[in-house]
2 protein chains.
Amino acid sequence: MQRTLTSPDYTLDEESIASISRALAHPVRVRILRLLAGETCCFTGELTGHISMAQSTISQHLKVLLDAGLIQGQIDPPKVKYCINRERWGLAEELFAGFFGSGFGPGCDCE
Amino acid sequence: MQRTLTSPDYTLDEESIASISRALAHPVRVRILRLLAGETCCFTGELTGHISMAQSTISQHLKVLLDAGLIQGQIDPPKVKYCINRERWGLAEELFAGFFGSGFGPGCDCE
DNA sequence: ATTGTTCATCGCAAATATACGATGAATGAG
DNA sequence: CTCATTCATCGTATATTTGCGATGAACAAT
């Protein structure tokens, strides 16, 4: 499937926001990030106990978060410890704050 | 396709973040929101000029943003004027700020 | 009534996402 | 070496997303 008819000229910011959003687009991934960021940071496969999904499915979701750069893994045999990628996390925070915080044009007379 | 094996017990916040994220998960929708939020309030037709996608495709993306509540439409025959739904926009801003701003657990010793 | 403009919706095709069980790889324990 | 544990990956099935052209609905102007 092609993405557009002609030009795919998206801003880096636009691509980044879309990319991070795709990673956040499933509630279970939001849940995982919450667990990692909030409570007991640096979890392992204890996620499997907290989430009631097949282990393979959770692993897939972790991969999505990894690919988005939002988390990082660290092998600690025979387990793997995951935690938030603070750098990327902070970048995401700024990106979204800037996006949602963008002002409204002066001529908006809707509603 | 089933969503989970057993419990779908997601928080309202988790669902909301996932839902809004799905709407932001395509760069062209981020672009559209930027145009609506930043510049002036737009008619659909002006978007057609700015985006180089089939009119039907743009209309579909607008529908996604509408369903997510991020924008609102106002008919002004024969055109339709779209603009940001400020209320929802502000709520999204808070949601994401709270999410990304959530602190890290004291025990994070990763990396 | 007919035409033109603007936008939404339908129908199709292809790509992605989601979930699961089964299997494979890596490692520590015995 | 063999076994158990932990996690990733493969293969499969189904659902959703994305894109387009074609068509439909609403309305203003003629």
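Every value quoted in this text rests on a predicted model; they were computed, and no experiment measured them. Chain letters run A, B, ... following the sequence lines, proteins first and then strands; every chain starts at 1.
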[atom1] of [X] versus [atom2] of [N]: gap in Å, rounded?
| X | N | atom1 | atom2 | answer |
| --- | --- | --- | --- | --- |
| Lys79(B) | dA8(C) | NZ | P | 13 Å |
| Leu47(A) | dT6(D) | CG | C1' | 13 Å |
| Ile71(B) | dA8(C) | CD1 | C1' | 13 Å |
| Gln74(B) | dT6(C) | CD | C1' | 16 Å |
| Lys81(B) | dT6(C) | NZ | C1' | 15 Å |

Do Ile32(B) and Leu65(B) touch side chain to side chain, with heavy atoms closer than 4.5 Å?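 They are in side-chain contact.
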
Any idea how His61(A) and His26(A) line up, ring-wise: parallel (<30°), tilted (30 to 60°), or perpendicular (>60°)?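 Taking His26(A) first and then His61(A), their aromatic rings sit tilted (interplane angle of 30° to 60°).
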
Aromatic rings Trp89(B) and Phe100(A): how do their planes relate, parallel, tilted or perpendicular, breaks at 30° and 60°?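 Aromatic pair Trp89(B)/Phe100(A) classed perpendicular.
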
Check side chain to side chain contact (heavy atoms under 4.5 Å, CB included) between Val80(A) and all other residues, then give those that pass, not counting sequence neighbours.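 Partners of Val80(A) under the side chain to side chain contact (heavy atoms under 4.5 Å, CB included) test: Ile75(A), Tyr82(A).
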
Ser59(A): what forms a side chain to side chain contact (heavy atoms under 4.5 Å, CB included) with it, not counting sequence neighbours?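 Ser59(A): side chain to side chain contact (heavy atoms under 4.5 Å, CB included) contacts with Gln55(A).
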
Can you give the dot-bracket line for DNA chain C, using ( ) for pairs inside the strand, [ ] for pairs that cross earlier ones, | for pairs with another strand and . for unpaired bases, where Watson-Crick and G-U count if both distances are under 3.5 Å? ||||||||||||||||||||||||||||||

Quick one: list whatever passes salt bridge (Lys or Arg N to Asp or Glu O under 4.0 Å) with Asp67(B), sequence neighbours left out.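 Lys63(B).
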
Between CD of Glu15(A) and CD1 of Ile17(A), what distance do you get to the nearest 0.5 Å?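 These two atoms lie 11.0 Å from each other.
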
Find every protein N or O atom lying less than 3.5 Å from an N or O atom of nucleotides 26-30 of chain D, and list the pairs.
none

From the set [options], return the single nucleotide nearest to any side-chain atom of [X].
| X | options | result |
| --- | --- | --- |
| Tyr82(B) | dC7(C), dC20(D), dC20(C) | dC7(C) |
| Val80(B) | dC7(C), dT9(C), dA19(C) | dC7(C) |
| Arg22(A) | dC7(C), dA17(C), dG21(C) | dA17(C) |

Trace of the side-chain contact (heavy atoms from CB on, under 4.5 Å) decision for Cys83(B) with Leu36(B): CA-CA 6 Å; Cys83(B) 58; Leu36(B) 292 184; 5.5 Å; no

Check whether any side-chain N or O of [X] sits under 4.0 Å from OP1 or OP2 of [N], and answer yes or no.
| X | N | result |
| --- | --- | --- |
| Arg29(A) | dT18(C) | yes |
| His26(B) | dG19(D) | yes |
| Thr57(A) | dA19(C) | no |
| His61(A) | dA17(C) | no |

Assign each of Ser56(B) and Ser59(A) to its nearest nucleotide of DNA chain D by heavy atoms, then name whichever residue's nucleotide is nearer the 5' end.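 Looking at DNA chain D, the more 5' nearest nucleotide goes with Ser59(A).
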
Quiz item: Gln60(A) side-chain donor-acceptor pair to dA17(C) base, under 3.5 Å: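 Looking at the base of dA17(C), it does not pair with any donor or acceptor on the side chain of Gln60(A) (distance under 3.5 Å).
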
Mind checking what makes side chain to side chain donor-acceptor pair (under 3.5 Å) contact with Glu46(A), not counting sequence neighbours?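 Side chain to side chain donor-acceptor pair (under 3.5 Å) check on Glu46(A) returns Thr44(A).
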
